[in-house]
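A short worksheet on the structure shown next.
Chain A is the first sequence line, chain B the second, and so forth, proteins listed ahead of strands; every chain is numbered from 1.
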Amino acid sequence: MVDDQKKSPMDVDAFLQNFQGAEDLIEMIVEEFIKTYPDLVKQIESALKDREPQLLQISAHTLKGAVSNFKAGPTTDIAFELEKIGRSGELSDESLDDANKLFIQLQSEIEKLIPEIKKLATTAARSA
Amino acid sequence: MSSETKKSILIIDDSEFDCNLLKGYLEKKNFNVTTIQDGTKWSETIKEGNFDLIILDILMPKISGLEVLKLIRKEFNPIKLPVIMLSAMSEDSDVVELLELGANDYIIKPANFKVLQSRVNTHLRIAELNKDSLRKRELEAVQAMIVTYNHEINNPLATAVGVLDRIDGKVDKSTVDLLERSLFRIRDIVRKIEGVTIEKELPIDDYVDEVKMIKLK
């Protein structure tokens with residue numbers, strides 16, 4: 001289980017550092033993420049419901065890739081744990097139980113992340 | 001960079017989000033960028049576009065990036081078409097596998113934009129230097145061919161001139177045949193030289209993958 005209770009949803013400084021000189025892309029990627037992530041979350045949910053490890057691996061991997069761009073450590077870590085469960089190739093009762101718990105954590109982390117990245121987009125739009 | 005010299009990059013990544021992010025960044029840096037999310041469409045996309053470099057994700061649902069890389073390398077060598085892999089891998093053995101399969105380089109996701117730009121520029125520069133080097137070798141090859149053919153012209157020409165001296169007013173059939181054969185040979189060689197000078201660019205494939213550099217006809 002990923003311990004995410006005390007971590008902030010993202011490392012804002014590291015994120016902004018990567019976008020130095022390309023600040024006008026911040027608004028675009030925030031919009032893209034807000035548009036994209038619900039489908040990925042749904043795919044993970046379907047993969048768990050239908051016990052499809054490969055779908056779980058791919059969708060968790062894709063979500064991990066997307067949130068890692070925001071330096072969102074806790075969300076990235078949870079998505080990676082789900083990806084690893086999917087990569088194992090089977091969803092036993094035990095691993096499915098773990099994955100479902102992780103999925104709840106994932107949704108909670110994303111809920112914390114979204115307002116943070118929206119703030120960044122607003123700031124970036126103002127300074128553009 | 002002027003619009004004429006803009007380099008074209010193809011990004012193959014099943015994640016639309018990652019594609020758009022990288023495309024957005026690289027377009028800001030004055031590259032032409034095309035993206036595809038379906039790795040199985042790499043071949044038709046490459047045929048349609050004239051790409052200078054490919055950025056290829058590893059983990060994709062329909063076909064893995066490693067499979068795509070293997071297929072690309074059957075048609076394009078690393079000089080002709082550099083491929084930078086986007087990898088979530090960090091183990092040394094995984095990286096070695098990528099490079100052994102023909103990847104020119106790799107970038108760990110999430111991409112650090114400055115590192116990405118630097119590696120893209122480096123591999124485009126290496127490709128350009130290699131193309132320059134090939135062009136020089138091509139020129140040297142043409143020069144070598146001209147020297148060879150010139151030599152080949154001189155021998156039959158000398159024969160023809162000698163025979164002409166011997167004719168001296170009394171022409172028999174065998175002498176005319178000999179003269180004719182020699183002159184036809186000269187004509188053939190001149191045509192070959194013409195062919196070499198008309199063909200401005202010899203196929204690069206002839207120089208790589210251990211294929212003999214020049215094929216003298």
- Task: Return the orientation label for the B:Phe17 and A:Phe33 ring planes: parallel under 30°, perpendicular over 60°, tilted otherwise.
- Result: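 Taking A:Phe33 first and then B:Phe17, their aromatic rings stand perpendicular (interplane angle over 60°).
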Considering only heavy atoms, which portion of [X] lies under 4.5 Å from any heavy atom of chain B: side chain, backbone, both, or neither?
{"X": "A:Phe80", "value": "neither"}
{"X": "A:Leu25", "value": "side chain"}
{"X": "A:Glu31", "value": "neither"}

- For the residue pair B:Pro110 and A:Asn69, what are the closest heavy atoms and their distance?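 Closest heavy-atom pair between B:Pro110 and A:Asn69: CB-OD1, 3.6 Å.
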- Can you name the closest pair of heavy atoms from B:Asn20 and A:Glu32 and give their distance?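 Closest pair (atom of B:Asn20, atom of A:Glu32, distance): ND2-OE1, 3.0 Å.
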- Query: Given a strict heavy-atom distance threshold of 4.5 Å, which part of B:Asp13 is in contact with chain A: side chain, backbone, both, or neither?
  - Reply: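 Nothing of B:Asp13, per the 4.5 Å heavy-atom cut-off to chain A.
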- Segment of B:Asn112 engaging chain A (4.5 angstrom heavy-atom cut-off):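 Contact with chain A involves both backbone and side-chain atoms of B:Asn112.
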- Validation row: B:Leu59, A:Glu83 side chains within 4.5 angstrom (heavy atoms):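 Heavy-atom side-chain distance check passes, below 4.5 Å.
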- Message: Is the shortest side-chain heavy-atom distance between A:Gln20 and B:Lys114 below 4.5 Å?
- Response: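 A:Gln20 vs B:Lys114: side chains touch.
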Enclosure of [X] [atom1] (heavy-atom neighbours >12, cutoff 6.0 Å):
{"X": "B:Glu27", "atom1": "CD", "value": "yes"}
{"X": "B:Asn50", "atom1": "CG", "value": "no"}
{"X": "B:Lys23", "atom1": "NZ", "value": "yes"}
{"X": "B:Glu44", "atom1": "CD", "value": "yes"}

- Item | Approximate separation, where rounding is to 0.5 Å, of B:Glu16 CD and A:Lys35 NZ |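 These two atoms lie 5.5 Å from each other.
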- Query: Of A:Leu63, A:Leu40, A:Ile58, A:Thr62, which meets side chain to side chain contact (heavy atoms under 4.5 Å, CB included) against B:Ser15?
  - Reply: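 When side chain to side chain contact (heavy atoms under 4.5 Å, CB included) is applied between B:Ser15 and each of A:Leu63, A:Leu40, A:Ile58, A:Thr62, only A:Thr62 qualifies.
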- Task: For residues 45-60 of chain A, pull every pair meeting side-chain hydrogen bond (donor to acceptor under 3.5 Å, both in side chains), keeping only residues two or more places apart or in separate chains.
- Result: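 Every side-chain hydrogen bond (donor to acceptor under 3.5 Å, both in side chains) pair that includes a residue of residues 45-60 of chain A, provided the two are not neighbours, is A:Arg51-A:Asp93.
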- Could you tell me which residues satisfy side chain to side chain contact (heavy atoms under 4.5 Å, CB included) with B:Ala127, sequence neighbours excluded, listed by chain and number?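 B:Ala127 satisfies side chain to side chain contact (heavy atoms under 4.5 Å, CB included) with B:Pro82 only.
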